Amino acid sequence: MNAPMDNLRSGLADLADDVNPADLRDRALRTSRRIGLRRTALTSALSVVLLGSVGVAAVAMTGGGGGQVVPGASASVTVAPPSPSAPPARPAVTGDHYFHRAVGTTKLELFVLRERYSCGTPDPGKCDPVTSTENLRTITHPADDACPENSVTVSPDGRQVAWVVTADDPSSLSGDLMIADVQGGAVQKRGTNVLCLGTRSLVWTPDSTRLYVSKLGNEATVGAVDAATGKFSPMEHDAWKEAETLATGPFRGTVHDGRLTVTKADGTAPRSVAYRSEHDTDVVVMAVSQDGRLATVSVGGSDPTRQLDVADVIDMTTGGPVEFPVGKVTRLWFQADGSMVVAVGGERGKLYRLDPDRQVVAEITVDRAELKNRLPFQVVLG
Amino acid sequence: MVDSHAAEFDSFVRHRSPALLRAAYLLTGDQHLAEDLVQSALARTHRSWRRLHDSGNAEAYTRKVMYHLQVAWWRRGKVAEVLPGELPERGRGGDHSGSSALKLSLRAALLKLSDKQRAVLVLRFFEDRTEAEAAEVLGVAVGTVKSQTAKALARLRVIAPELSDLHAVNGAAR
């Protein structure tokens, strides 16, 4: 016979087995540093208050320092993001930010803004990024064709670029898949009837050899195209969805009937929170962080394009919106190391690189005038 | 000396994180929140590592911080959402699925308890602490641990009658 409460003991032990191991060393050290900085800031603020309240004469004698001290105002000075000495992200050190710009009605110029660090790793105030922007190839397309702009995607190795041009599809939903060297040269046609709409119409495999695509024919077909030969391999839809998701991360998400749901790439392990878009418009989940914790939801997504702004970044553990120290985020690119790159509303020409705790580790200024008002279509840190 | 302390802290994190995570998972009901909880507790341990390591109290301190932070987080509403009816339609039938269903019920039921009730259950029946030890970790009187335990078990019977096998008999005080 079991001892009293042995069943509860074993039930709790079984439940505890569900937790996955995690390496918390780096995270704990980062938090420890932040606590230290916060304490320093608090101590400094308290010192200032004390000076302000009992040392007015001393301040006057030294010329007043640099500005007024308002006792009480310091209560909010406990956290100062972005902190100039905030700990750096576990660094994906370099960054490539891809832009495009329409020239006339038939050309799309591609650029890459490269972000490098002479001292090896981002360190705000001490090691700022060195940026340079290069012209890449120019894509030529039929007049007023929206497909190239919405589908253009650079391969993970940075060598090839793929896009769709509408051919004989009057609805401009699909067209020919084109692949070329990102620096220039001949363009190869590698497929037909490839859909170009949506937030991720073309997805490269991590080894840059194939592309996951959807095709529009007598019936919709999904599969992978070999970038070198153009050979199309149809796939069963669920397998395709899983593979296409895994090419960029382990999780995917949907918004449906007032619920935002994030699942693993294979559709299992759903986590769902209540979510209503403003005015109940249709929205899409644009991206999910590598740990499945954060999901970005678009503004009204009736326009099937990837050029949608982010309406909310939702924390799937609380269901609440995530606040960023840099302000209202309008674009967000999650990275494999947990860091992210964001653009902020009203701040064109500037991007922020954030560590996994959403602290700023670098500010990237767009250095080409013709790109100042544009946002990247793709960001790769590595 | 600094390197030596860093290596000792690394070793502490490596060896004790799994056990800390298990308890944190029962306290929060969520992988991410459990990681956050342990991470925060470890960070505070790191701030005082030299003193704690020299006195041999590192793990006790970390657990104490973890339980106290959990109470604070709960008050801020940082809890996992219970997702009844939204789980994968897999593995129905058989002992394995019965066990899974029991686990899910237990997880959901724990999240319906108050912060202190859940903490005393985890301390008493997962960590196998005596009432006096649980009181010391939580910083409350032994009487509080007794009353919270009784209330927690009574509430489990009401909110999760399907778990009756688990808590059919009241635990004897140690």
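In what follows, chains are A, B, ... by sequence order, proteins preceding strands, each numbered from 1. Quantities reported herein were computed from a predicted structural model and do not represent experimental measurements.
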| task | Please lay out, stage by stage, how A/S298 and A/T199 fare under the test side-chain contact (heavy atoms from CB on, under 4.5 Å). | result | CA-CA 10 Å; A/S298 74; A/T199 55; over 6 Å; no

| said: Which atoms of B/L26 are under 4.5 Å from chain A, going by heavy atoms: the side chain, the backbone, both sets, or neither? | reply: side chain

| remark: One option among B/R14, B/R22, B/H46 has the most heavy-atom pairs under 4.5 Å with chain A, and it is B/R22

| request: Look at atom NZ of A/K328 and say whether more than 12 heavy atoms of other residues, nucleotides or ligands are closer to it than 6.0 Å. | output: yes

| message | For chain B, which candidate among A/P21, A/A16, A/G320 shows the most heavy-atom pairs at distances under 4.5 Å? | response | A/A16

| query | Do you know which of A/D23, A/D18, A/T263 has the most heavy-atom pairs under 4.5 Å to chain B? | reply | A/D18

| Contact winner vs chain B - A/V19, A/L24, A/D291, heavy-atom pairs under 4.5 Å | A/V19

| message | Under a 4.5 Å cutoff for heavy-atom pairs, which residue among B/L21, B/L20, B/T45, B/V122 has the most contacts with chain A? | response | B/L21

| query | Stepwise, does the side chain to side chain donor-acceptor pair (under 3.5 Å) test hold for B/T149 with B/R124? | reply | CA-CA 8 Å; B/T149 306; B/R124 296 279 287 113; 4.6 Å; no

| Contacting moiety of B/F9, where chain A heavy atoms sit under 4.5 Å | side chain

| task | Output all residues satisfying side chain to side chain contact (heavy atoms under 4.5 Å, CB included) with A/D238, sequence neighbours left out; order by chain, then residue number. | result | A/E236

| A/D14 bridged to B/R107 by N-O distance under 4.0 Å | no

| Is A/E323 paired with A/R358 through a side-chain N to carboxylate O contact shorter than 4.0 Å? | no

